[in-house]
Amino acid sequence: MRILVCVKQVIDGQAPVVIDETGAWVKHGNISPFRMNRYDEFALEEALRIKEKFNDVTIDTISFGPPRVSSTIRKAMEMGANEGIHILTDEDSFVTPFEVASAIASYAKTNTYEIILAGAMSEDDMNSQVGQLIAELLHRPCATLVMHQEIREGGKELYVEREIEAGRRECLYLTLPAVLTIQSGINTPRYPSLSNALRARKAQILTIEAKDLNIPEKRERLTGLSYPEVSSKGTFIEGTQKEKAKKLLGILHEKSLI
Amino acid sequence: MKERILVIAEHHKGHIVPTTYEAITFALELNSLARAKVLVMILGKSVNGMANMLAETTGLDVLGLEGDHLEFYNAEQYKHAIEHAIGNINPLYICMTHTAMGLDLAPGLAVRLNASCITAVEGIKPNGGKLSFVRSMYGGKIQAEIIPELKKSIITLLPGAWKARERYPDKKGSVQIKDVHRGVSISRTFSVKESEEESLNLDDADVIVAAGRGIGTEENLHLVKDLAKIFNKSAIGASKAVCDLGWLGYKYQIGMTGRTVSPRLYIACGISGSSQHISGMKDSQTVVSINLDPNAAIFNVSNYCIVEDVTTFIPVLLEEYKNFVEA
């Protein structure tokens, strides 16, 4: 069985995000701390668990983006993915989920993957679209926000539970091949083992130029970026910790909350 | 072709999910800008009662799609049913809430209908004769304006971004119910499991003290619990990140796929404030946030902002509280 895991490199959530001079996109400095999207770590871990449970499972990992993303592909290989595929773009710019999904679907359609996994969303763009789009482009069934999966019927069917509101779970069967987007919290992603880390260091990453993949036109256009308005009602309480604590208690007392 | 703005209603156990009315508000706002009639679509095994109720409450036309295979939401069956029911309707916009259902359905439906797809939308702005849709990125640190390039658009709306209307036109909309055939079964949803964890009474709490990743370690949770104890009728909550780390169970999670709360006081401790979290707490009467990052998005929805490390600030706050009570 072959599994493809889609991973994205994102800027660390704690790092400041700055709109560039033209207002067209955000600025990534050379020192920006990039890492794997956390949801994708859960997706990769789920693939690794399938591999441990069944014989003859290989895991490929794929990422779309500028040269910097190769470090995240290598990280996925350190965690245990067999092969890495990089759909290479020239630069950092606004990319729509449809373009990314079209590129990955175009690669995946000539390769037979029984299961394609992706994170339920990316921490930066927060679209929650790529997995579902890949599924539709490849005419495969898809379940999102997956919190449990089990391969059944000798590899023909996938039993899936997806997380919906208020902790409820929808239970469904998907006919393989299928696409799943994995919800965070489904498992505990592992740290790379030394042997995998050494192997990954030497491994070749298959690089495909995005422009060779016939990616369709953008279906959504970015027309502006801005910082959210800080609502005028907010007051920053200033002073030392002690002064801030006193002021806050005063405010809460005034509002009869304490 | 009749141009329409379509709303896909969501329901659970025979009741319309409240966020559906937020999607209707959004559709009516689009209607005043894009001049196409709003049509509400509801899919299920037996939807006549809910369809009539929607038509009566909102004054809008409702199209119900029925079939035994639609008992539970299923992306494949919904896409198939919607695609075939659209017939001679030309939906300029198809609106739904950015819930587990909406985000599951929208992208695939967009590919099938050759539509643009914009998810987790929080606002609309007229933009040179077109409409752009505003959505958050980077955990709420940046807002992006997006214009659909295709003639049809599928939009999912962040829960809480629009308010359900209190008043609608005083007339009843038309109701039409159609039977739909089952699509190819490559996916079959057969049940919905209730949450195994007992639910907390977060709804009844006057004060919620919520923990985010900024509390640093699981051991520091006691700070949040101790802070909650100084208030009457208080409860603790958590961001999704804290639940994912296993520091607190998912029943404590506030925000999308968790709970929506509106207490008198909400204290966010070390929570950065992703739009998913904010949608679950922004109707709180008073919000106090403590976060080390002065640019954290949580401060945009807070009445009182304290730029401090929660792990050192809460002990000082508790100490000062003791002095305050004694005084």
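For clarity, every value in this text was computed on a predicted model and none was experimentally measured. Protein chains get the first letters and strands the later ones, always in sequence-line order, with residue 1 at the start of each.
Annotation: cation-pi geometry not satisfied between A:Arg152 and A:Tyr173 (NZ/CZ under 6.0 angstrom from ring centroid, within 45° of ring axis).
Heavy atoms of A:Ile251 lying under 4.5 Å from chain B belong exclusively to its side chain. No part of A:Ala120 comes within reach of chain B, as not one of its non-hydrogen atoms sits under 4.5 angstrom from that chain. With a 4.5 angstrom heavy-atom cutoff, B:Gln276 touches chain A only via side-chain atoms. Both the backbone and the side chain of A:Lys255 come within contact range of chain B, judged by heavy atoms closer than 4.5 Å. For chain B, the nearby part of A:Leu145 is the side chain; its heavy atoms alone come within less than 4.5 Å. With a 4.5 angstrom heavy-atom cutoff, B:Ala296 does not touch chain A via any of its atoms. For A:Leu158, no part lies under 4.5 angstrom from a heavy atom of chain B. No part of B:Ser289 comes within reach of chain A, as not one of its non-hydrogen atoms sits under 4.5 angstrom from that chain. Neither the backbone nor the side chain of A:Glu238 comes within contact range of chain B; no heavy atoms are under 4.5 Å apart. Interface remark: B:Lys125 contributes no atoms to any contact with chain A (heavy atom separation under 4.5 Å). Only the side chain of A:Val26 comes within less than 4.5 Å of a heavy atom in chain B; its backbone stays farther off. The contact between B:Glu76 and chain A is made entirely by side chain atoms (from C-beta outward), counting heavy-atom distances below 4.5 Å. Neither the backbone nor the side chain of B:Phe133 comes within contact range of chain A; no heavy atoms are under 4.5 Å apart. Residue contact with chain B, scored on non-hydrogen atoms closer than 4.5 Å, involves the backbone of A:Glu123 exclusively. Neither the backbone nor the side chain of A:Glu217 comes within contact range of chain B, judged by heavy atoms closer than 4.5 Å. The part of A:Arg140 that comes within reach of chain B is its backbone (N, CA, C, O), which places non-hydrogen atoms under 4.5 angstrom from that chain. Within the 4.5 angstrom heavy-atom criterion, no atom of B:Thr260 approaches chain A. Using a 4.5 Å cut-off between heavy atoms, B:Asn74 contacts chain A through its side chain alone, with no backbone atom that close. B:Tyr321 touches chain A through backbone and side chain together, each having a heavy atom under 4.5 Å away. In this structure, chain A has no heavy atom under 4.5 Å from any part of B:Ala241. Looking at B:Asp104, both its backbone and its side chain come within 4.5 Å of chain A, counting heavy atoms on both sides. Only the side chain of A:Leu248 comes within contact range of chain B, judged by heavy atoms closer than 4.5 Å. Both the backbone and the side chain of B:Ser191 come within less than 4.5 Å of a heavy atom of chain A. With a 4.5 Å cut-off on non-hydrogen atoms, B:Lys130 touches chain A through its side chain but not through its backbone. At a 4.5 Å heavy-atom cutoff, the contact between B:Val307 and chain A is made by backbone and side-chain atoms alike.
Of the listed residues A:Leu133, A:Leu257, A:Ile164, A:Val10, the one with more heavy-atom pairs under 4.5 angstrom with chain B than any other is A:Leu257. Contacts with chain B were tallied for A:Ile134, A:Ile19, A:Thr144; A:Thr144 has the most, counting heavy-atom pairs under 4.5 Å. Note on A:Ser226, A:Gly131, A:Gly250, A:Cys142: by heavy-atom pairs under 4.5 Å with chain B, the leading option is A:Ser226.
B:Lys79 has a carboxylate O that lies under 4.0 Å from a charged side-chain N of A:Glu136, or vice versa, which qualifies the two as a salt bridge. Note on B:Lys13 versus B:Glu194: salt bridge recorded, some NZ/NE/NH1/NH2 to OD/OE distance being below 4.0 Å.
In terms of modelled atom types and a separation under 3.5 Å, the side chain of B:Ser136 and the main chain of B:Gln143 share no donor-acceptor contact. Counting only distance, with no hydrogens or angles, the side chain of B:Ser116 and the backbone of A:Arg219 share a donor-acceptor pair below 3.5 Å.
A ring-centre distance under 6.0 Å is not found for B:Tyr304 and A:Phe236.
Contact annotation: the side chain of A:Glu170 never approaches that of A:Met147 to less than 4.5 Å [non-hydrogen atoms, C-beta and beyond].
Of the candidates A:Glu41, A:Glu45, A:Glu46, A:Asn187 forms a side chain to side chain donor-acceptor pair (under 3.5 Å) with just one, namely A:Glu46.
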